[in-house]
Structures are given as structure tokens and as C-alpha cells.
Amino acid sequence: MFLSPQKLDLRSAGAGAAVTRTAPQSPTIPVRVTYGDSMGGRTWRSGVVLALVAAFAVLPLIVRVLPAGPPGGEAVSLLARVRGSFEQPYSGFAESTGSLALPAGTDLADVVSLLGGRTQVRVWWRSSRDWRADTLTPTGEVDSRTTLSGSMVWDYEDNRVLLTRPEPAGAVRLPTSGDLLPPQLAARLLSEAAPELVTSLPSRWVAGRRADGLRLTPGEALSTIGRVDVWADRESGVPVAVDVFGTDLRSPALSTTFLDFSDDAPAAATTAFTPPPDARVRTRQRFNLVRAVGRLPDQGLPGRLLGFDRAAPLPDLEGIARYGRGVTQFAVGALPIGTAESLRAQLQVAASARPLPEGIAVSVGPVGLLLTDPAVTGRAWLVTGTLTPDGLARVAAALPRGAA
Amino acid sequence: MIGSSDRGAEGVELVKLFSRRRTWVAILLLNLLPTTVAVLLAWTGIAPRPGSGPAFLAAVLANGSLFSIAALAIVLPLFLPIAVAVVAGESVAGEAEAGTLRYLLVRPVGRTRLLVRKFGAITTFVLVCVVSVVAVGYVVGRLLLGNAPLSTAMISLSGSALSPAQVAWRSVAAIGFITVSMLGVAAMALFLSTLTDSPQAASLGALAFLIGSSLLLTVDAARPLQPYLPTRYWLSFIDLYRDPILWSNLERGLALQGVYVVVLLAAAWANFATRDITS
């Protein structure tokens, strides 16, 4: 129980000093009471604490809304600057956040984690032929070093190095954490952006540097990409933040931004790597499903689908036809019957599976996938890309019919 | 500047803290868990699967010296903060409960100075705990999990070789970082300790604060809050073992703990300096 000061004159002891008095004693136990400061002292001290709390709470908000100055120029010139920066050296620490709820599977565990969670990556980019990206985990890291002679992936916890031969340009593969770095993602999304589709965004601060914004709105009725926002470093033109929106424009389906960034060229020693003496060194094969789809010969797919032109076929993957324009891209391939039935069984239990007259469709954020029913379309076609379910169905309906 | 009488008074708090049996029991228990883990690892030879378990634990069977770092990762998420919360929660409330606080204040010592001394003693306790975990982990690791030559290079998380000198200074930096990381807990428990006469309530309040923070770190909807949660950067000490060292998370962790310490100590000071002490 706290006792009131009663008739004691606390001010006589001076501010800040503790005042000790002997309270009226009981017959047996002496009670000593040490009084604190007066109410005035309590008030100003509480004020100091509140001011500290307010200062620390408001500081991050001020930094966030601090104006980054006038825009760096017209959207079209910024687009040209960004495209011209793709070979620019840089280094930094980036964080990407995905909200794509992919169905879990053992073969795709890395992709599920990549697109459905938070990934932190350190990168040292000397050129597209010499770079290093470290994906950090709480207990280790997985580092990818790419040179002209191929890539080496070091996994600390597995004590393993995976060697991969150089990829041909435009090769089909699963996404890696390096693909989610702002410069890589922006390069992919803006590579075919038409100047009339881009507009300027207000500048902002990214990783403590001024960044100029660019918005790409594809405007394709069948596309699942609502818009793409890119911020590029004002000094170097290197993209430092990218937000990809699906049909829900309230929050990005995929967001990636640098937390630390430097446009200085990294040292060659930083990207060099020699496997540790006792590490297991293996050679990696390319993704099996892609090979399963691509190994079939061309099934007579047309040169134009839904108004989108077909891209040149990839080496060793003649069975896959790619179509698209800008961020609206899709691929079509015929699956072997056994692979198709295995995939159909997995899709049927997926939470977002949706039966269509042409087959079964699954949408994961802006990416859609349709596996057709051979009884309807003649073959088991796999159609996947940034198309709406309606777009996927229209592609399936336009595919050549053949014997099941 | 601290005068000789201040240093003497500081010494009184340290002597009082380290003369308590419960302080040494806390340090003993703190070292018991990693020692048990080392015994089990040595006995069964089964290390955690890669990607599971505390940092470095999968690698200690190959290099027992690494167990000193693994031991830190074992105690850091729960046991170390519990020990700190118990000791810091008792610092003022324990005196009040025992009826000795008013006698402390009878001496010609300001309440602010008393709080600073209490906090200094808790900081020393944290440092002793962390150093003891590293030392015991090193000895136990060398004895039970392999005594490779000390000149053997350690493989960093990035796959490069770290010389023994590099490992040594990085480990000293890790000890410092973890000590500072615990000061936010200590300041919270000390603040609560000035609000109540029950040390248990102060300790439990600080632990509830930490459990809440750890829980919010696992909730995607709380992402905007996560950079400001006190436990956000605790495990960033392993960034010292990457090559090159990732300084940014370490810097953010130190700055965040600094903010918590300043605010919570100010709150403790505001409350304690104006409170009427009756016990």
C-alpha cells in the first residue's frame, strides 16, 4: 500500500531527492516510508517518457513519407534508363515477399517457399556472366555463383555443391531466388513493355537512396497481371523495388525490394568460389517435368493463338510453344498420358482447383494452369501462364484436335 | 564520470547479485541444456537434419569447437531470456518484497543512480551467462564431439574458410551482440519490477512481452510490425559467420535494442523516482 505524504512538506527536500520520514509507529513494528517526488515531478518525468516513445514511433513514419524530390523524368525515358541498366554492376541485400499459395509438393518445395513466403537474398552482380546470390536462412544459406562456365550452388547445411552447365538463352526452368531480385524481375517484366503502357509514379526512398517510379499497366483483357510498379535508383537506373499486382490491386502478389544497395562494382574475389575440401560435389540435371513436356515433338501448334504470336522454339524443347506479349505470357505443351494422369490427380486435391469444360484449372496468384481432358481436346494439353481462367479455356478450345 | 564511491556502490550490487545461490543456479541450469544436447549427440551420433534445429548443430559432429556457437543458438530463443527476466524482475521488486528497498533508499543515494546500478549489475549477469555458455560449450564440444587441431580452419556459412583468428574475433562480437540483445528484456523486466512488489509478476510480464513478440514474428499479417519487435534480430548473430559478414541486420538489432533500453529505462526511472516506497 502506498501512503499519502500526509502533512509532510516534500518540496523542502528539493526536486529529485527522496524524502525519508518515520510514519506514526505502531506499538510493535516501525514502518518507514520513503516518499517519491511530488506530483509535478511525476508529470514532467512521464512527459519525457511519452516524448521518447512518440519520437521513436514517429521517426520511421517520417523517414517513410519524407519526399524524395521531384520525379527523375518522363516515364518513357525512365523505362529506357532501366533497360539500359541491366548490365550495370551493383550489390545489396534484398527481401522479397510472395503471397502465392502454391500447393506443396516435394519436387517444388523451393518454389513454394520462394513465391509464398519471405526470402532474403544478398547479391553481388558484376555482370550477367559473373554474379553471386546468397539466399539466407536462419541456420545457413544457399549460395548461387554463376560464371561463363556454368553455375555452382553451395548449400551450407547439406555441405553440398551442385554444378550446372551454362543455360541457353531463354531456357525453361523453375524460378530461383535470384529471379526475384528487383533488377532481374524488372528486366523480365519490362523487357517487352510498350512505351504507351508506362506512366510515372512519385519518387520514394528505397534502401536510403532516391528512387524514381514507373507503372506498367498491361491492359490485356485476358491477363492476370493487373499492374507492375518498378522503382529505379536515381543514380544508376538499377531497379531497386518491384511490386507485381494480380487482379486484386489492393496488395501486391509479389513484392521485392532492396534493404541495402550499392552501385559500386563488387570485387572479383567476392564472387569467386572454391568448394570446401570435404563438401559433396554433384552435377545437377534440369527440371524433369519440363523435360517430360518438352521432349515430345511439336504437336502442330499454331503460329498465333488468341492474337498472340508464337515465340521461337527453345533448343531441345520443341514440344513447348510459347506465346505472349509484355507481361502476358503463356506456354502450351502436350503431356505424355502417364504424366498427365499423375498431374491431374495432384491438381484435383489442390485447394484452388476449378473444373472447366475443357479440363481442370488452378490459379496461383497471377499464374494460371489448365490441364485439358483428352476426351474433350483430343490430347492432354498443359496450358500455363499469366492468363485468366477464361483465357486458359479459350486457348484450350483453339488447340488442334488429335487422337487421344 | 563514476567516482570511487559510485564504483563501490556498483560493487555492492554485483556482490549482492553474485552472492545469491539462485544466480548461480540460473547460470548452472543455463549450461545444463546445451551440455545435455552435447552428451546426447556424442552418445547417439545423430545430428539434426540440415535445415532443422539450432544453427551450427548439424555441423558439430565434424568439428566439436563449433558447439560453443551452437550452444548460444540453443539457449538464445528461450532459456537465456528466462534467466535474464527472472534476475531483472527481482532487482527492485525483490527488494520490495523482502522489505529491504526502503533501507536502500535511506542511504544517501538517488533513486536514478540506484536504477542505473541495478541495470549495470544485470548487464554484468547477462555477460557472465553468455560467456559461460560459450566457454562450457567449447569445453564440452572439444571433450565430447571431437578435438580437431585448433589451427583447423572453420568453413563459413558461405563456404569459405575462416582462420582461427577470424573465428575468435567473430565469436567475441557474437558474445557482445547477444549480450546487448538481452538488454531489452532486462530493461522491460526492470521497468515492471518498479511497478510491482512481486518479482514473479515482473518476470512473467517480461516473458509475456517476449512470447508475444516471438508469436508475431510468425504471423504474416504482422509483417509491418516485425522490424520493430524486440526478438526480430536476436538470431542475427549468425550473420557474423557469413562471408562477407552481413552487418545490416546486426546494426538494426543493436539500434532496436538501444531504443527499447532507452524507452523502458526512462519509464522505469519516471515511475521509480516518483513512487512512494512502503516496503
Side-chain angles (χ1 to χ4, degrees), chain A residues 1-5 16-18 20 23 31-39 41-49 52-53 56-57 59-60 93 97 99 117-118 120 122 124 132 134 136-141 143 152 154-161 259-260 270 273-279, chain B residues 48-59 62 73 101-106 108-112 114 153 155-161 220 223 226-228 235-236 238-239 242-244 246-249 252 259-260 262-264 266-279:
Chain A
M1 188 181 79
F2 300 150
L3 298 182
S4 65
T20 304
V31 179
R32 301 183 70 134
V33 182
T34 305
Y35 294 107
D37 278 356
S38 62
M39 284 305 290
R42 180 182 290 268
T43 304
W44 78 261
R45 284 186 166 90
S46 301
V48 169
V49 176
L52 275 174
V53 172
F56 286 128
L59 203 59
F93 175 42
T97 309
S99 57
R118 180 166 57 188
Q120 294 191 323
R122 300 173 82 187
W124 295 266
R132 165 184 169 186
D134 297 359
L136 309 186
T137 67
T139 53
E141 61 185 59
D143 305 351
M152 285 192 283
W154 155 252
D155 187 332
Y156 170 78
E157 290 174 298
D158 263 348
N159 192 28
R160 186 183 61 182
V161 177
L259 303 176
D260 298 312
T270 311
F273 182 66
T274 304
D278 59 344
Chain B
R49 284 180 296 108
S52 63
F56 294 102
L57 203 55
L101 186 55
R102 54 190 164 169
Y103 297 112
L104 270 182
L105 295 174
V106 168
V109 53
R111 295 183 183 201
T112 304
L114 181 66
I155 299 301
S156 72
L157 270 59
S158 310
S160 56
D220 286 345
R223 275 181 187 160
Q226 287 172 357
Y228 311 106
L235 291 174
S236 295
I238 75 159
D239 291 348
R242 305 187 194 278
D243 191 21
L246 176 57
W247 288 107
S248 55
N249 279 344
R252 290 183 180 104
V259 169
Y260 274 105
V262 167
V263 169
L264 291 168
W269 161 77
N271 180 61
F272 189 58
T274 55
R275 175 182 156 182
D276 296 337
I277 307 299
T278 60
S279 55

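All values below come from the heavy atoms of this structure, side chains included, with hydrogens, waters and symmetry mates left out. Letters A, B, ... are given to chains in the order of the sequence lines, protein chains preceding strands, and every chain is numbered from 1.
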Under a 4.5 Å heavy-atom cut-off, does chain B meet the side chain of A:T270, its backbone, both or neither? side chain
[X] versus [Y], closest heavy-atom pair with distance:
X      : Y      : answer
B:P244 : A:W124 : CD-CZ2, 3.7 Å
B:Y228 : A:P60  : OH-CB, 3.3 Å
A:V49  : B:A266 : CG2-O, 3.3 Å
A:Y156 : B:I155 : CE1-O, 4.0 Å
B:G159 : A:P276 : O-CG, 3.4 Å

Do the side chains of B:R242 and A:D143 get close enough for a salt bridge, i.e. N-O under 4.0 angstrom?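 Salt bridge flag = no for A:D143 with B:R242.
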What is the distance from atom CD of A:Q120 to atom CG of B:D239, rounded to the nearest 0.5 Å?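 Answer rounded to 0.5 Å: 8.5 Å.
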Rounded to the nearest 0.5 Å, how far does CH2 of A:W154 lie from OG of B:S160?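 The CH2 atom of A:W154 is 9.5 Å from OG of B:S160, to the nearest 0.5 Å.
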Identify which of B:V263, B:L235, B:V259 forms the greatest number of heavy-atom pairs closer than 4.5 Å to chain A. B:V259
Run the side-chain contact (heavy atoms from CB on, under 4.5 Å) check on B:S248 and A:L259 step by step: do they pass? CA-CA 9 Å; B:S248 55; A:L259 303 176; over 6 Å; no
For [X], which atoms come within 4.5 Å of any heavy atom of chain A: side chain, backbone, both, or neither?
X      : value
B:A161 : neither
B:S236 : neither
B:N249 : side chain

For A:E141, run the side chain to side chain contact (heavy atoms under 4.5 Å, CB included) check against B:L246, B:L157, B:I238 and tell me which one passes. B:L157
